[in-house]
Visitor: 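Here's a structure for you.
In what follows, every heavy atom counts, from backbone to side chain, and hydrogens, waters and symmetry copies are set aside. All figures in this text were calculated on a predicted structure; none of them were measured in a lab.
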Amino acid sequence: MTLLENMAGSGRHFRKFLRSVLVLGITVVLVFTGIVFGTLEYRAGQELEVLKARERARVQLTSWLLTQAFDHAASDVQAFVRMPSTLAYNQSRSLEDRQLLTQDFGVQLAQKPTYSQLRFIGIDGSEKVRLDRLFGRVLVTPERQLQSKAGRYYFTDSRSLSDGELYVSPLDLNVENGVVDAPYLPTVRFAVPLTDQPSGRRGLVVLNVGGELLLDTFRFSMTTQHQAFLLNSEGYILHGPDRGRAWGFMFGLPPAFASDYPEAWAQVQASDSGELLTEDGLFLYETVYPLERIAALPAVDAGTATADSYFWKTVTFVPREHLPGTDFYRQPGVMGGYLAGVVLLLALLIYFRFSHFRRQQLRREIVQQARRFRDISSVLGEGLIVMDRAGLVTYVNPEAERILGWPREELENRKGHQVFHVHEEDESQCPILLAMTTQTVYRSKTEVFRRKDGVPVPVSLNAAPLSDDAGAEGVVISFQDFSEIKNYQDEIQRLAYQDTLTGLPNRRVLDERLALALGMSDRHDRCLALMFLDLDHFKAVNDTYGHDAGDQLLKEIARRISTCVRKTDTVVRMGGDEFIILLQEVAGPESAERVAAKILEVVAEPVVLTEGKARVGVSIGIAIAEGQTVTPEQLMEQADSAMYEAKRAGKNQYYVWG
């Protein structure tokens with residue numbers, strides 16, 4: 001029967017299958033869509049937080065680096081003011097002192113590549129000494145080229161300070177002769193006034209620090225795929241993605257950042273740090289107070305301003321279109337993945353639902369077949385169990401119930417491995433269930449089932465696959481209780497290697513262990529000993545008390561001898577009243593003699609029999625071997641001969657061969 005015929009023959013079940021696929025399909029698509037949107041929303045939130053944390057750390061690091069850059073310049077300019085040559089020239093204004101000051105300024109400027117200019121300016125604004133760093137060289141400006149800086153803001157602001165107070169100018173462009181230098185030279189000026197008390201002469205030491213270093217620090221620390229701005233306190237751009245819009249205040253232009261992003265600038269200006277999300281995008285900012293670190297130096301005062309009024313703003317700007325989001329149209333890869341996921345889920349749903357539908361059909365067919373089997377198998381003399389492809393028991397015949405002690409009702413619809421089948425492998429490697437996969441009959445006489453009371457039952461079984469045109473549907477197991485046969489085999493095996501009276505190993509075991517011991521002795525250079533024992537006066541016990549008493553005595557003597565040797569040694573009953581002991585490893589004859597003496601002692605003690613007490617002795621012959629110097633047969637002959645020597649010497653003693 002074909003698959004279509006099977007489906008047509010169970011139309012009601014097929015319609016139920018279609019309805020379940022439709023309902024589950026809609027549910028799965030809705031749940032999947034919710035999961036996708038929730039995941040995108042969560043991921044976008046996480047990415048936004050990571051972005052904020054990364055950019056916030058970047059602007060904070062940049063702020064710290066920019067602040068730190070002021071330390072050395074502030075310390076140096078105050079040191080330049082206190083140099084003897086500076087004090088001497090301010091007092092005398094002589095040509096000789098001017099030359100000395102020029103030399104000292106040149107040495108300092110040569111050692112500081114970040115400084116671009118060092119000057120001494122008179123209180124009237126005229127340059128007295130000026131040195132510039134150009135292209136790595138320190139140049140002294142001739143006297144005729146010195147300029148007057150009386151009109152420059154940094155001169156008028158710093159001239160009014162007291163001696164030793166430090167003035168720091170804003171970061172702007174260098175101006176020479178009233179014109180902005182080209183190319184632009186960003187500059188920060190540090191100025192300290194000094195006064196000679198006897199003469200009353202005053203002057204200023206002015207240090208120009210190359211602002212490009214600060215901007216390079218900003219540029220390198222703010223390296224990012226997003227836009228970064230360094231702003232002054234008025235919203236002018238000192239450094240930004242568009243250099244053409246920087247330094248607007250030097251040319252009378254309106255503040256570019258404040259004009260482009262008025263909403264953002266209002267909050268950036270109002271607080272020291274934070275973040276702001278506007279229609280334009282995300283802004284993260286931090287305020288730089290470069291004078292805070294040098295505020296610890298003596299007397300800080302920037303004219304009428306305070307250290308807090310001197311600040312810059314470091315800003316990272318992430319445009320709206322670059323922010324993480326959940327919009328499908330902005331993420332074609334996600335859209336494609338979502339559609340592919342919907343198609344895949346629907347395909348898997350249809351596949352699994354159809355597989356389930358098919359399994360149900362097969363299960364129904366198995367049940368029908370099981371009914372047919374039941375009538376036949378109920379009269380069989382073998383146990384019969386049927387399991388489906390999942391390992392569930394679907395049928396048990398009466399003989400199987402009898403052998404396993406399980407009622408049919410307690411076995412059916414339970415997994416066989418959880419109830420009666422015992423083996424070390426996991427269920428997936430079960431040879432019985434593998435018969436379905438291999439489509440071959442599995443036969444075994446070594447399988448073990450478990451009764452309801454937990455007792456293992458060895459069984460002989462055949463496991464054959466049950467299948468139809470659609471494939472494997474289960475397995476049928478026929479088995480017999482193998483306990484009696486196995487017990488008989490075990491008993492035969494035991495009798496082959498064991499003395500039936502004493503339970504000691506027999507001659508076959510001795511031959512195997514003696515050959516092995518000689519081989520080990522040869523390989524590891526060890527000694528072994530073979531002891532031949534024959535009881536003295538044993539015949540008198542038999543004659544006096546009978547053979548049953550003799551057997552009882554032999555059992556007791558065997559037990560006593562066994563207590564005198566190690567677990568690794570071998571005690572064998574050869575027959576009658578003769579025993580052989582194999583000591584697998586001894587230090588020498590003395591070790592074997594100690595064992596023999598102990599045996600003489602324990603054997604000599606009276607044996608309490610049912611009929612009365614009896615005493616026997618034992619004559620012991622000892623043969624020592626090392627390596628393959630003798631064969632097993634030769635060693636046996638030596639021990640036997642030694643035993644007869646002990647007998648001739650008066651019995652109840654031992655004799656060592658050789």
Side-chain angles (χ1 to χ4, degrees), residues 497-507 509-511 513-514 517 527-625 635-658:
Y497 290 92
Q498 190 178 67
D499 177 54
T500 56
L501 176 63
T502 62
L504 294 176
N506 60 16
R507 176 63 182 268
V509 176
L510 175 65
D511 292 343
R513 294 185 182 179
L514 179 58
C527 290
L528 63 86
L530 190 68
M531 306 174 68
F532 209 110
L533 288 74
D534 186 81
L535 298 183
D536 300 326
H537 314 302
F538 176 71
K539 184 176 182 303
V541 174
N542 273 342
D543 293 343
T544 304
Y545 298 111
H547 289 285
D548 291 342
D551 290 345
Q552 186 179 354
L553 183 139
L554 288 174
K555 291 180 183 179
E556 174 61 18
I557 295 300
R559 185 193 65 79
R560 293 182 184 183
I561 293 174
S562 297
T563 63
C564 297
V565 299
R566 301 163 298 187
K567 291 183 178 181
T568 56
D569 299 327
T570 302
V571 179
V572 175
R573 181 181 177 228
M574 293 295 288
D577 59 348
E578 294 181 342
F579 298 87
I580 291 181
I581 300 176
L582 170 62
L583 304 178
Q584 295 196 32
E585 183 178 350
V586 294
E590 298 81 5
S591 299
E593 290 178 24
R594 285 195 293 271
V595 175
K598 188 174 182 181
I599 293 173
L600 289 174
E601 180 180 349
V602 299
V603 170
E605 294 178 0
V607 179
V608 178
L609 304 174
T610 305
E611 292 79 4
K613 289 185 180 180
R615 288 179 179 271
V616 295
V618 61
S619 298
I620 304 173
I622 303 173
I624 306 296
L635 193 63
M636 291 280 289
E637 292 176 0
Q638 293 174 4
D640 187 41
S641 299
M643 185 270 293
Y644 280 109
E645 291 295 331
K647 289 275 190 185
R648 281 193 289 271
K651 298 184 179 180
N652 199 36
Q653 56 183 296
Y654 62 84
Y655 181 84
V656 180
W657 176 262

Visitor: What are the two closest non-hydrogen atoms of Arg615 and Ala604, and how far apart are they?
Guide: NH1-O, 3.2 Å
Visitor: Once rounded to the nearest 0.5 Å, what's the spacing between atom CG of Leu582 and atom CG of Leu510?
Guide: 6.5 Å
Visitor: Taking the side chain as everything from C-beta on, heavy atoms only, tell me whether Ile581 gets closer than 4.5 Å to Ile620.
Guide: no
Visitor: With the side chain counted from C-beta on, respond yes when Val509 and Asn506 share a heavy-atom pair under 4.5 Å apart, and no when they do not.
Guide: yes
Visitor: Can you name the one residue among Thr568, Thr570, Val565, Leu530 that meets side-chain contact (heavy atoms from CB on, under 4.5 Å) with Leu583?
Guide: Val565
Visitor: Are Leu504 and Ser562 side-chain neighbours, meaning at least one heavy-atom pair lies under 4.5 Å?
Guide: yes
Visitor: Have a look at Ile622 and tell me which of Trp657, Tyr654, Tyr655 forms a side-chain contact (heavy atoms from CB on, under 4.5 Å) with it.
Guide: Tyr654
Visitor: Can you tell me how far apart NZ (Lys539) and OG1 (Thr544) are? Round to the nearest 0.5 Å.
Guide: 9.5 Å
Visitor: In Å and rounded to the nearest 0.5 Å, what is the CD1 to CG distance from Ile561 to Leu535?
Guide: 6.5 Å
Visitor: Measure the CD1-CD distance between Ile624 and Glu593 for me, rounded to the nearest 0.5 Å.
Guide: 8.0 Å
Visitor: Do Lys651 and Asp536 meet the salt-bridge criterion of a basic N to acidic O distance under 4.0 Å?
Guide: no
Visitor: Please enumerate all residues that pass side-chain hydrogen bond (donor to acceptor under 3.5 Å, both in side chains) together with Glu556, with sequence neighbours excluded.
Guide: Arg559, Arg560
Visitor: Measure across Lys598 and Cys564 and return the closest heavy-atom pair with its distance rounded to 0.1 Å.
Guide: CG-SG, 3.8 Å
Visitor: With side-chain contact (heavy atoms from CB on, under 4.5 Å) as the test, pick out the partner of Val603 among Leu533, Val616, Asn652.
Guide: Val616
Visitor: Do you know which two heavy atoms are closest between Ala592 and Ala529, and how far apart they sit?
Guide: CB-CB, 3.9 Å
Visitor: Less than 4.0 Å between a side-chain N and a carboxylate O, is that true for Arg507 and Asp511?
Guide: yes
Visitor: Minimum heavy-atom separation for Leu635 to Ala623, with atom names?
Guide: CD1-CB, 3.7 Å
Visitor: Test salt bridge (charged side-chain N to carboxylate O under 4.0 Å, His left out) on Arg648 and Glu645 and set out the steps.
Guide: CA-CA 5 Å; Arg648 281 193 289 271; Glu645 291 295 331; 2.4 Å; yes
Visitor: Taking the side chain as every heavy atom from C-beta outward, state whether Asp534 and Glu578 have any pair of such atoms under 4.5 Å apart.
Guide: yes
Visitor: Can you name the residues that form a side-chain contact (heavy atoms from CB on, under 4.5 Å) with Arg594, not counting sequence neighbours?
Guide: Glu590, Ser591
Visitor: Please name the pair of heavy atoms, one in Lys647 and one in Ser619, separated by the smallest distance, quoted to 0.1 Å.
Guide: CD-OG, 3.4 Å
Visitor: Mind listing the closest non-hydrogen atom pair of Pro505 and Val572 along with its distance?
Guide: O-CG1, 3.3 Å
Visitor: Once rounded to the nearest 0.5 Å, what's the spacing between atom OH of Tyr644 and atom CZ of Phe532?
Guide: 7.0 Å
Visitor: Could you state the interatomic distance from CG (Leu501) to NZ (Lys555), rounded to the nearest 0.5 Å?
Guide: 5.5 Å
